[in-house]
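Data block below; observations after.
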There are 2 protein chains.
Amino acid sequence: MIEPTGLRARKKARTHDAIADAAISLFLAHGFDQVSINDIAAAAEVSKPTLFRYFATKEDLVLHRFADHNGEAARVVRDRPPGVAPVTALHRHFRDGLDRHEPVTGLNDHPVVVAFHRLVFTTPSLAGRLTQYLLEDEEALADALGPGIEARLQAAQVLAVQRVLARTNWQKIADGRSAHDVHPEAVADADQAFTQLR
Amino acid sequence: MIEPTGLRARKKARTHDAIADAAISLFLAHGFDQVSINDIAAAAEVSKPTLFRYFATKEDLVLHRFADHNGEAARVVRDRPPGVAPVTALHRHFRDGLDRHEPVTGLNDHPVVVAFHRLVFTTPSLAGRLTQYLLEDEEALADALGPGIEARLQAAQVLAVQRVLARTNWQKIADGRSAHDVHPEAVADADQAFTQLR
DNA sequence: GTTACCGGGTTAAAAAAGCAACCGGGTCAC
DNA sequence: GTGACCCGGTTGCTTTTTTAACCCGGTAAC
């Protein structure tokens, strides 16, 4: 997967990042609804149509970071080593995420990450759009698990589990505890939840 | 002269500066002939045709700084206060340049300015193109001075004087002396030369 | 109750930039 | 001497970006 490193691609990536960075820092500073698209475009030194060529909606300016994880669950299942059950692979992957303190797991106490999550969870339109992403993820995972209603159900349950685990972790950290401190509980919760899934 | 502050103009100016800065720093580091247009375009993160849309020739990458002074002599004459002779106005303007240690006067000991001048004077194609610029300047000055052969002659003499004065100043500084040290001689030389012009 | 503004989002046309391929002159190898 | 390269510079086509204008829903003023 050697992507083109031409001038065009490089500048596109830079513009994308410039817009996203400007948007998120403005949102964190003043709140989602207090910042207009025009403000962001001006801060990123880009015109409004250009901004919308990179991000379909205002919400996506925030959520593209989650979108990066789009289809991740499905990929984990598809790429699992032979002889490993799908749920086991997902379990391991989630635990790896906890160990690496990945933001998606909620187990990250970096101030900007915490602030970012609070922004998402406390802004209705963002939380709403985020669930849309989760639904797409769910569908992809279902396809990876196979045909039939059982696959669909399992996919829904897995993503529900991950969502609850992540929110629980984030809540503990938002209450002031450190990621390191929370880690054991997070692992225990995950182990229990995933074991129950089988 | 309120120039547009739109995005287009701003980015154009930035691209222009990026190309010029990349070019000059590469030229100073490795010499004019040792650096190719492709090197400069790559360093400025710009394509070759784009580079040539901003600068007509390789030489102009260096000389656009002189080009900024294009028509300056003519402007000084046109804008002189009433009752002041053209040569007097030019004389004063040159002396102001000396006092402000403007690079065009040669009386500037900043290392990159000195290196820049050496680059120009020791590279034949650059020195050649520079005289082209001087000729245009001369014509403009002649027009500002009025019609007829006398105006043309005087214009030629004024620019010749300025050129010699600047080169003399630069030579002294290239020999290791400081601009502050050379300043009195430079003023004396200028006063003598301009007085003789009348 | 319209009038007028503001915010998210779209459109069409024109400018700018990128890319690839080329030209013409020089130079070096063989 | 001819074939292969490099360099300065150009050309035509495509992609990207800007600009200004607009649509639509909400909301505040009068």
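The structure displayed is predicted, hence computed values, not measured ones. Labels below follow one simple rule: chain letters A, B, ... track the order of the sequence lines, proteins then strands, and each chain is numbered from 1.
For the pair Asn38(A) CG and dA21(D) P, the interatomic distance rounds to 15 Å; values are reported in whole Å. Taking atom NZ of Lys48(B) as the reference point, atom C1' of dC7(D) lies 7 Å away to the nearest angstrom. Remark: C1' of dC22(D) and CZ of Phe52(A) are 14 Å apart, rounded to the nearest angstrom. Counting to the nearest Å, the C1' atom of dT19(D) and the CZ atom of Arg10(B) are 14 Å from each other. Here dC6(D) presents its C1' atom at 12 Å from NZ of Lys58(B), a figure rounded to the nearest Å.
With DNA chain C read from its 5' end, the first of the two nearest nucleotides for Val35(A) and Lys11(A) is the one closest to Val35(A).
If you walk DNA chain C from 5' to 3' and mark each nucleotide with an atom closer than 4.0 Å to a heavy atom of chain A, the marks span dG8(C) to dC19(C).
Nucleic acid contact class of Glu45(A) (heavy atoms, under 4.0 Å, all strands): sugar-phosphate only. Across all strands, Ser47(B) comes closer than 4.0 Å to base atoms (heavy-atom distances).
Of all the residues in residues 15-24 of chain A, not one reaches under 4.0 Å from DNA chain C with any non-hydrogen atom.
There is a side-chain donor-acceptor pair under 3.5 Å between Asp99(A) and His183(A). Using modelled atom types, one finds no donor on one side chain facing an acceptor on the other under 3.5 Å when comparing Asp109(A) with His101(A).
Aromatic ring orientation, Phe121(A) versus Trp170(A): perpendicular (interplanar angle above 60°, classes split at 30° and 60°). Taking the six-membered ring where the residue is Trp, Phe116(A) and Phe66(A) present parallel rings, their angle staying beneath 30° rather than reaching 60°. Aromatic ring orientation, His64(B) versus His16(B): perpendicular (interplanar angle above 60°, classes split at 30° and 60°).
Nearest heavy atoms, Ile24(B) versus Leu61(B): CG1-O, 4.0 Å. Taking each heavy atom of Ala22(B) and Ile40(B) in turn, the nearest pair found is CB-O, 4.3 Å.
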Under the side-chain contact (heavy atoms from CB on, under 4.5 Å) criterion, do Tyr54(B) and Asp60(B) qualify, and how do the steps go? CA-CA 9 Å; Tyr54(B) 281 85; Asp60(B) 286 328; over 6 Å; no
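A salt bridge between Asp17(B) and Lys12(B) is absent, with no side-chain N of the basic residue lying under 4.0 Å from a carboxylate O of the acidic one.
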Could you write out each protein N or O paired with an N or O of nucleotides 14-16 of chain D at a distance under 3.5 Å?
{"from": "dT16(D)", "atom 1": "OP1", "to": "Lys12(A)", "atom 2": "NZ", "distance (Å)": "3.1"}

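Hydrophobic clustering (ILVMFWY, side-chain heavy atoms < 4.5 Å, transitive): Leu165(B) and Leu197(B) are in one cluster.
Side-chain contact between Asp39(A) and His30(A) is absent, with no heavy-atom pair separated by less than 4.5 Å.
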